[in-house]
2 protein chains.
Amino acid sequence: MTVSLDQLQAFVIAAETGSFSAAARRLHKAQSAVSTQISNLEEDLGLALFSRAGRSPTLTPAGERLLLEARVILDRREHLIGVARSFEAHVEQRLVVAIDEIYPERIMAEVFAEFAEHFPHVELELLFPMMEDVSRLVLTGKADLGVMWRQEILPTELGFQTLGWVPIKMVCGKHHPLAKVRVDWEDLKRHRQILVAAHSDGPEKQRLRVAPEVWWVESHWVILQLVRQGIGWAFVSSHVIEASPVAADLVIPELQFDDFDLPVAVELVWHKQRPCGPAAKWLRQRFAATRI
Amino acid sequence: MTVSLDQLQAFVIAAETGSFSAAARRLHKAQSAVSTQISNLEEDLGLALFSRAGRSPTLTPAGERLLLEARVILDRREHLIGVARSFEAHVEQRLVVAIDEIYPERIMAEVFAEFAEHFPHVELELLFPMMEDVSRLVLTGKADLGVMWRQEILPTELGFQTLGWVPIKMVCGKHHPLAKVRVDWEDLKRHRQILVAAHSDGPEKQRLRVAPEVWWVESHWVILQLVRQGIGWAFVSSHVIEASPVAADLVIPELQFDDFDLPVAVELVWHKQRPCGPAAKWLRQRFAATRI
DNA sequence: GTCATCTATCTGTTTTTAAGATGGTATCTA
DNA sequence: TAGATACCATCTTAAAAACAGATAGATGAC
């Protein structure tokens with residue numbers, strides 16, 4: 001005879017309830033069944049799991065230790081069944097989501113925390129490319145879903161939906177010449193602008209370009225580091241500025257022209273022809289339900 | 001009906017052999033048994049594990065995935081049984097070994113590699129205290145076994161056995177005044193000696209003291225760093241010097257007096273009254289079998 | 001002491017599992 | 001193309017295991 005899952009189940013429940021009878025009740029079996037199962041298990045293992053001295057059985061040291069192992073095995077069975085159910089429901093084995101850094105991290109974390117609960121068996125890959133790179137990844141099938149800035153021209157193969165608007169602020173370093181003046185449009189043109197760089201070369205890349213002199217940087221966080229050093233000014237979404245460790249050294253100057261806080265639309269993007277599995281569908285709805 | 005270990009076993013073996021019949025032979029069962037077990041498992045999980053199109057069954061994508069899970073579960077069963085056997089054999093759950101740094105690391109690594117194979121279920125804690133601290137740990141029960149320098153006065157509660165002799169060399173930095181001369185005993189007294197520091201204050205601590213001016217340092221590796229800087233000279237076991245990343249900057253000067261390479265005896269130490277379990281016994285024998 | 005509750009064990013029954021036999025199918029060879 | 005071989009599914013029957021129910025002994029609460 002060999003250690004079976006039923007034996008382990010009886011063992012674990014008995015250890016939890018502290019009584020074979022109670023375990024039998026919880027398992028909808030007769031008390032004798034549980035009693036013999038545990039007895040058999042003990043014989044198989046060659047040691048006593050419970051001490052039957054008193055009224056109710058108590059775990060021996062070996063029992064304590066093996067209880068941990070038994071729980072692991074039973075958990076793994078649940079896990080296996082969960083994975084099987086995912087297959088049954090045609091849940092994706094793997095989901096790749098590309099998200100622009102302008103999407104607020106806090107909300108993202110909430111969404112994916114829930115996702116992990118609903119789809120514990122889906123392997124998730126999160127990419128953080130820049131701007132148009134998101135749509136490129138979705139277009140080429142390297143990502144299943146994308147979250148990105150609204151683009152004027154989006155390939156027709158892609159479906160999209162607006163998630164909300166992220167306010168964009170002009171930001172510069174504490175000691176930058178623009179830090180202390182009311183800035184007008186011409187002032188911006190006179191200083192170096194630091195822009196988000198994307199791998200792909202599209203018209204979108206230039207949309208926020210104001211100054212003739214620009215640097216391209218592939219990370220918002222690095223941009224803020226550069227801005228802090230006084231190397232130039234930049235348009236950055238406010239939540240990135242707030243969450244930045246260098247926020248204290250940054251200034252959001254007053255603007256002379258019509259209160260520029262250009263809200264940028266954030267879009268959810270997917271490929272129309274590629275069918276969405278349940279996990280992707282759920283994510284789409286969840287993202288859409290959370291207005292920024 | 002529920003997923004059972006026998007089913008998983010049949011599944012895994014069938015996947016490994018690529019044939020239900022072969023799996024049946026390996027399991028010493030009839031082919032029909034394996035066939036129905038896998039069939040039942042598939043029904044339980046609600047999906048096909050194998051595709052029966054061709055001559056021999058091949059895993060479906062779901063089968064591939066679930067094979068990993070099944071293997072984990074079966075491995076954990078083996079593990080559980082292993083832990084149980086340890087209890088049966090009264091193997092220690094946990095073993096604490098205190099080892100002086102002068103014991104050669106390479107040998108130590110070999111010994112514990114073998115130990116891990118023989119006693120995969122024993123939780124091991126390795127401590128590296130200095131000199132007499134080893135015997136203190138063994139004496140107070142904080143360690144089960146100790147490996148240390150021979151001490152002149154060892155508490156009578158401790159049993160011990162010599163493992164071998166480690167040659168001790170006098171070492172100094174490349175630019176130290178002693179580096180270029182034939183050193184005599186009086187020379188040593190004139191320069192700062194760097195000694196191994198122990199937490200406990202015993203006579204042993206002073207045994208290797210030669211110079212009036214000394215520093216105490218609790219790590220051989222740090223001692224060599226200091227020696228390299230020319231801060232002083234030290235007695236250090238040669239394997240520590242050789243294994244040191246700063247070996248190139250160190251010098252072992254010629255000695256004028258009777259070829260000092262004071263071999264220090266390395267002892268295995270245990271507490272006489274505390275009974276040794278199988279794991280400790282094995283370790284003692286293994287250490288003793290390996291002469292340094 | 002009495003009562004309620006627990007566990008171990010026995011007994012007969014039910015369920016599950018295994019083996020053996022059979023038939024159908026794919027693959028290889030002559 | 002026919003035959004041989006190895007494979008899997010299925011059916012039937014026999015063996016084994018698991019189960020419920022009953023009972024007896026033990027423990028702790030009152």
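Computed from a predicted structure; not experimentally measured. Here is the naming used below: chain letters follow the sequence lines, and residue numbers restart at 1 for every chain.
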message = So, does Ser35(A) get its side chain near the phosphate of dA8(C), meaning an N or O under 4.0 Å from OP1 or OP2?
response = yes

inquiry  = Using a 6.0 Å cut-off, check whether atom CD of Gln273(A) has over 12 heavy atoms from anything other than its own residue.
reply    = no

query = Want to settle it: does Ser56(A) or Ser39(A) sit nearer the 5' end of DNA chain C, counting the closest nucleotide to each?
reply = Ser56(A)

message = Please determine whether any donor N or O and acceptor N or O are separated by less than 3.5 Å between the side chain of Ser32(B) and the base of dA19(C).
response = yes

request  = Starting from C1' on dA18(D), measure out to CD1 on Ile38(A) and report it in whole angstrom.
outcome  = 15 Å

note = Leu41(A) CG to dA18(D) P, in whole Å, measures 12 Å

request  = Would you tell me if any nitrogen or oxygen in the side chain of Gln37(A) comes within less than 4.0 Å of OP1 or OP2 on dC19(D)?
outcome  = yes

key: Closest nucleotide among dC8(D), dA8(C), dA19(C) to the Ala33(B) side chain   = dA19(C)

query = Which class fits the ring pair Trp282(A) and Phe115(A): parallel under 30°, tilted 30 to 60°, perpendicular over 60°?
reply = tilted

OP1 or OP2 of dA8(C) under 4.0 Å from side-chain N/O of Thr36(A) = no

message = Does dA9(D) have OP1 or OP2 under 4.0 Å away from a side-chain N or O of Arg52(B)?
response = yes

request  = List the steps, then state whether side-chain hydrogen bond (donor to acceptor under 3.5 Å, both in side chains) holds for Arg286(B) with Thr290(B).
outcome  = CA-CA 6 Å; Arg286(B) 184 62 183 76; Thr290(B) 314; 2.3 Å; yes

ask   = Base, sugar-phosphate alone, or nothing: which one does Ser21(A) contact when heavy atoms must sit under 4.0 Å apart?
value = base

ask   = Atom CD1 of Ile13(B) and atom P of dC8(D): how far apart are they, to the nearest Å?
value = 14 Å

ask   = What integer distance in Å separates Lys29(A):NZ from dA17(D):P?
value = 16 Å

request  = For Glu43(A) and dT9(C), give me the distance from atom CD to atom P, rounded to whole Å.
outcome  = 11 Å

ask   = Nearest-Å distance, CZ (Arg25(B)) to P (dC8(D))?
value = 9 Å

message = Is the ring pair Phe287(B)/Tyr103(B) parallel, tilted or perpendicular, if the boundaries are 30 and 60 degrees?
response = perpendicular

query = Between Phe50(A) (CZ) and dT27(D) (P), how many Å, whole number?
reply = 18 Å

inquiry  = With a 3.5 Å cut-off and heavy atoms only, can you find an N or O donor on one side and an acceptor on the other between the side chain of Gln31(A) and the base of dA8(C)?
reply    = yes

remark   = From CG of Asp6(A) across to C1' of dT17(C) the rounded distance in Å is 14 Å

query = Knowing that exactly one of Leu66(A), Val72(A), Leu68(A) qualifies, which makes a side-chain contact (heavy atoms from CB on, under 4.5 Å) with Leu80(B)?
reply = Leu66(A)

